[in-house]
Amino acid sequence: MDLAPLLLSFEVAALATIIAALIGIGVGAVLANFRFVGRDVVDVFFTAPIVMPPTVLGYYVLVVLGRKSLIGHAYEAVFGSSIVFTRAGAVVAAVIGAMPLVVKSVRTALEETDSTLMLAARTLGATPLRAFFTIQLPLAYRGIVAAFMLAFARSLGDFGVTLMVAGDIPGETQTAALAIYDAIQAHREEDAALMIGLLTTIVAVLLYVVGKLTAREQRT
């Protein structure tokens with residue numbers, strides 16, 4: 001069995017989780033701590049990918065980041081290649097799938113922290129930003145770590161958006177999920193079964209750890 005697609009999936013999932021974490025913590029914190037006009041719209045924008053068909057999401061990404069778009073044209077001018085049908089495109093696709101899980105989970109974890117501790121910190125002179133980083137964020141760390149693990153698991157197995165945005169190029173953009181599809185199409189059932197077994201084991205372990213983290217968080 002060729003392990004290159006699995007290694008590429010790990011690389012893509014790791015980068016996607018980092019990007020989704022950086023954006024998701026900020027968005028989740030704003031949604032959890034602030035009331036503003038358009039808050040519900042922002043929430044819908046960042047959580048819609050959970051229920052939207054992958055082909056629709058992939059189409060939107062192609063419209064926004066394709067060579068004919070402003071962003072795609074600027075990216076190609078700087079980096080010398082297009083985002084689509086590259087590893088960068090695979091990362092973008094994985095980020096889109098992982099982002100809703102991070103935003104939802106981080107928001108929930110932050111909203112469940114004890115607000116009186118934040119108020120106490122404020123009365124002692126802490127700025128809102130300092131109270132967030134020293135009180136709220138540490139208290140919610142179990143839920144946030146669980147969010148990152150869910151994002152990694154989701155990125156690891158993305159298929160539809162990756163196929164639309166990055167294509168299925170062996171050795172370049174072919175992730176584990178795409179390799180499984182190709183193996184089944186080529187009647188290489190043993191290769192497909194091995195890859196499926198590896199992915200299932202990895203995802204099961206991640207979900208087990210997430211369950212432990214969230215259970216301990218609820219007890220504390």
Residue pair [X] / [Y], side-chain heavy-atom distance below 4.5 Å:
X      : Y      : answer
Thr175 : Asp158 : no
Arg130 : Thr127 : yes
Phe85  : Glu172 : no

Would one find more than 12 heavy atoms of other residues, nucleotides or ligands at under 6.0 Å from atom [atom1] of [X]?
X      : atom1 : result
Phe159 : CZ    : yes
Leu70  : CG    : no
Tyr59  : OH    : no

Is there a path of hydrophobic side-chain contacts, each under 4.5 Å between heavy atoms of I/L/V/M/F/W/Y residues, joining [Y] to [X]?
X      : Y      : result
Leu163 : Val165 : no
Val103 : Leu15  : yes
Leu22  : Leu150 : no
Phe45  : Val102 : no
Val84  : Val92  : yes

Report yes or no: do Asn33 and Glu111 form a side-chain donor-acceptor pair below 3.5 Å? no

Between [X] (side chain only) and [Y] (backbone N and O only), is there a donor and an acceptor less than 3.5 Å apart?
X      : Y      : result
Thr173 : Thr86  : no
Ser105 : Ala147 : no
Arg39  : Leu31  : yes

I need the minimum non-hydrogen distance between Thr113 and Ala140, along with the two atoms involved. CG2-CB, 3.8 Å

Residue from Val161, Ile96, Val56 passing side chain to side chain contact (heavy atoms under 4.5 Å, CB included) with Pro49: Ile96

Apply the side chain to side chain contact (heavy atoms under 4.5 Å, CB included) test between Phe148 and each candidate in Ile25, Val210, Leu101; give the one that qualifies. Ile25

Give the intermediate values and the outcome of salt bridge (Lys or Arg N to Asp or Glu O under 4.0 Å) for residues Asp182 and Arg188. CA-CA 8 Å; Asp182 284 354; Arg188 292 186 283 109; over 6 Å; no

Mind checking the CE-CD1 spacing from Met99 to Ile50? Nearest 0.5 Å is all I need. 12.0 Å

